[in-house]
Q: 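Mind having a look at this structure? Questions to follow.
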Amino acid sequence: MNVPNLLTMSRFVLIPVFLALYLDGHPIWALIVVFGAGITDMLDGYIARRSGLVTQVGIMLDPLADKLMMLAVVGALLAHGEIPWSAAGAMAFREVGMIATGTYFHFRGKRTVPANSFGKLTTVIYYLAIVLLILDQPGGVVALWVAVGLSFATSFVYFTSFKELNGETKSA
């Protein structure tokens with residue numbers, strides 16, 4: 001266990017904290033928790049790469065923590081009627097699919113694809129949507145749909161990169 005992995009683990013702890021705050025009527029504090037999770041996500045990756053502390057545990061748990069936090073946020077927003085079922089369902093389908101596929105390939109010894117600019121842009125738009133939705137501002141649902149659409153496009157890019165990284169493309 002190292003500092004980046006401890007930061008990743010802290011995000012798992014922040015999920016029920018977010019849910020308790022948001023569902024108990026403290027949206028600003030809940031939003032602060034989401035941003036705290038986002039900061040730990042940036043920090044753990046930076047520290048791991050800079051200090052040579054990248055581990056298999058971190059490679060597997062980092063995206064899982066991110067996806068579970070996003071699913072918790074979407075579930076809470078859905079419970080409060082802030083987003084449509086269709087958006088929540090599309091996002092949940094994609095996130096659960098990515099978790100399952102990533103886990104499957106991880107345990108088969110396949111190399112994982114590092115975050116790319118599409119994934120980072122998708123995350124930024126998700127955070128924008130979350131801020132707008134939690135603060136009850138206009139454009140939140142539109143931003144969420146943009147993020148959902150981008151997340152599916154990003155999945156295609158990741159799977160293409162995964163195949164190339166693991167030597168599974170056909171050569172011409």
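What you see is a predicted model, and the numbers here were worked out from it, not measured in a lab.
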Q: Applying a strict under-4.5 Å side-chain criterion to I, L, V, M, F, W and Y, I'd like to know whether Tyr127 and Ile83 cluster together.
A: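 Per the 4.5 Å side-chain linkage, Tyr127 and Ile83 are co-clustered.
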Q: Before you tell me yes or no, could you show the steps for Leu61 and Phe12 under side chain to side chain contact (heavy atoms under 4.5 Å, CB included), namely the whole-Å CA-CA distance, both residues' side-chain angles and the distance that decides it to 0.1 Å?
A: CA-CA 9 Å; Leu61 291 182; Phe12 287 103; 4.2 Å; yes
Q: Kindly write out the residues that satisfy side chain to side chain donor-acceptor pair (under 3.5 Å) with Lys120, not counting sequence neighbours, or none if the list is empty.
A: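 For Lys120, no residue satisfies side chain to side chain donor-acceptor pair (under 3.5 Å) once neighbours in sequence are set aside.
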Q: Determine the minimum heavy-atom distance between Ile130 and Met70, stating which atoms define it.
A: CD1-SD, 3.6 Å
Q: What are the two closest non-hydrogen atoms of Gly58 and Pro63, and how far apart are they?
A: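 Nearest heavy atoms, Gly58 then Pro63: O-CD, 4.2 Å.
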Q: Taking only residues at least two apart or on different chains, which pairs with a member in residues 45-67 satisfy ring pair (Phe, Tyr, Trp, His ring centres under 6.0 Å)?
A: none
Q: Measure the CE-CG distance between Met69 and Leu64 for me, rounded to the nearest 0.5 Å.
A: 12.0 Å
Q: Give the other cluster members for Val13, using side-chain heavy-atom distances under 4.5 Å between Ile, Leu, Val, Met, Phe, Trp and Tyr residues; answer none if it is isolated.
A: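 Cluster partners of Val13: none, it stands alone.
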Q: Would Leu78 and Ile134 show up in the same hydrophobic cluster when neighbours are defined by side-chain heavy atoms closer than 4.5 Å?
A: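 Shared cluster, yes.
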Q: Side-chain polar contacts of residues 96-105 - donor-acceptor pairs under 3.5 angstrom, sequence neighbours left out - could you list them?
A:
unit_1	atom_1	unit_2	atom_2	d
Thr101	OG1	Gly97	O	2.4
Thr103	OG1	Ile99	O	2.8
Tyr104	OH	Arg108	NE	3.4

Q: Which residues pass the side-chain contact (heavy atoms from CB on, under 4.5 Å) test with Val124, sequence neighbours left out?
A: none
Q: Less than 3.5 Å apart, which donor and acceptor atoms pair up between the side chains of residues 14-37 and the rest of the protein, not counting sequence neighbours?
A:
none

Q: Any link between Phe93 and Leu68 through a network of hydrophobic side chains (Ile, Leu, Val, Met, Phe, Trp, Tyr) touching at under 4.5 Å?
A: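 Phe93 and Leu68: one cluster.
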Q: Out of curiosity, does Trp85 fall in the hydrophobic cluster containing Leu71 (side-chain heavy atoms, cut-off under 4.5 Å, transitive links)?
A: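 Per the 4.5 Å side-chain linkage, Leu71 and Trp85 are co-clustered.
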Q: With Thr55, which residues qualify under side chain to side chain donor-acceptor pair (under 3.5 Å), at least two apart?
A: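 By the side chain to side chain donor-acceptor pair (under 3.5 Å) rule, Thr55 matches Asn5.
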Q: Which pairs, with at least one residue in residues 130-144 and sequence neighbours excluded, count as a side chain to side chain donor-acceptor pair (under 3.5 Å)?
A: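 Every pair satisfying side chain to side chain donor-acceptor pair (under 3.5 Å) with a residue in residues 130-144: there are none.
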Q: Flag yes if Leu77 and Leu128 sit in one hydrophobic cluster, no otherwise; membership is Ile, Leu, Val, Met, Phe, Trp, Tyr, and two members link when side-chain heavy atoms are under 4.5 Å apart.
A: no
Q: Taking side-chain contact (heavy atoms from CB on, under 4.5 Å) as the test, write out the residues that go with Asp41, two or more places apart.
A: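 With sequence neighbours excluded, Asp41 shows a side-chain contact (heavy atoms from CB on, under 4.5 Å) to Arg11, Asp44, Asp62, Asp66, given in chain and number order.
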Q: Given 3.5 Å as the limit, does a donor-acceptor pair link the side chain of Asn166 with the main chain of Lys110, or not?
A: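 No, the answer is negative, given that no donor and acceptor are paired below the 3.5 Å cut-off.
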Q: With sequence neighbours excluded, what pairs up with Ser10 under the side-chain contact (heavy atoms from CB on, under 4.5 Å) test?
A: Thr40
Q: Under 3.5 Å, side-chain donor or acceptor atoms of residues 140-156 against the rest of the protein: list the pairs with distances, not counting sequence neighbours.
A:
unit_1	atom_1	unit_2	atom_2	d
Ser151	OG	Val148	O	2.6
Thr154	OG1	Thr122	OG1	3.1
Thr154	OG1	Leu150	O	2.8
Ser155	OG	Arg94	NE	2.8
Ser155	OG	Arg94	NH2	3.3
Ser155	OG	Ser151	O	3.0

Q: Tell me every residue that passes salt bridge (Lys or Arg N to Asp or Glu O under 4.0 Å) with Glu82, counting only those two or more places apart in sequence or in another chain.
A: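 With sequence neighbours excluded, Glu82 shows a salt bridge (Lys or Arg N to Asp or Glu O under 4.0 Å) to no residue whatsoever.
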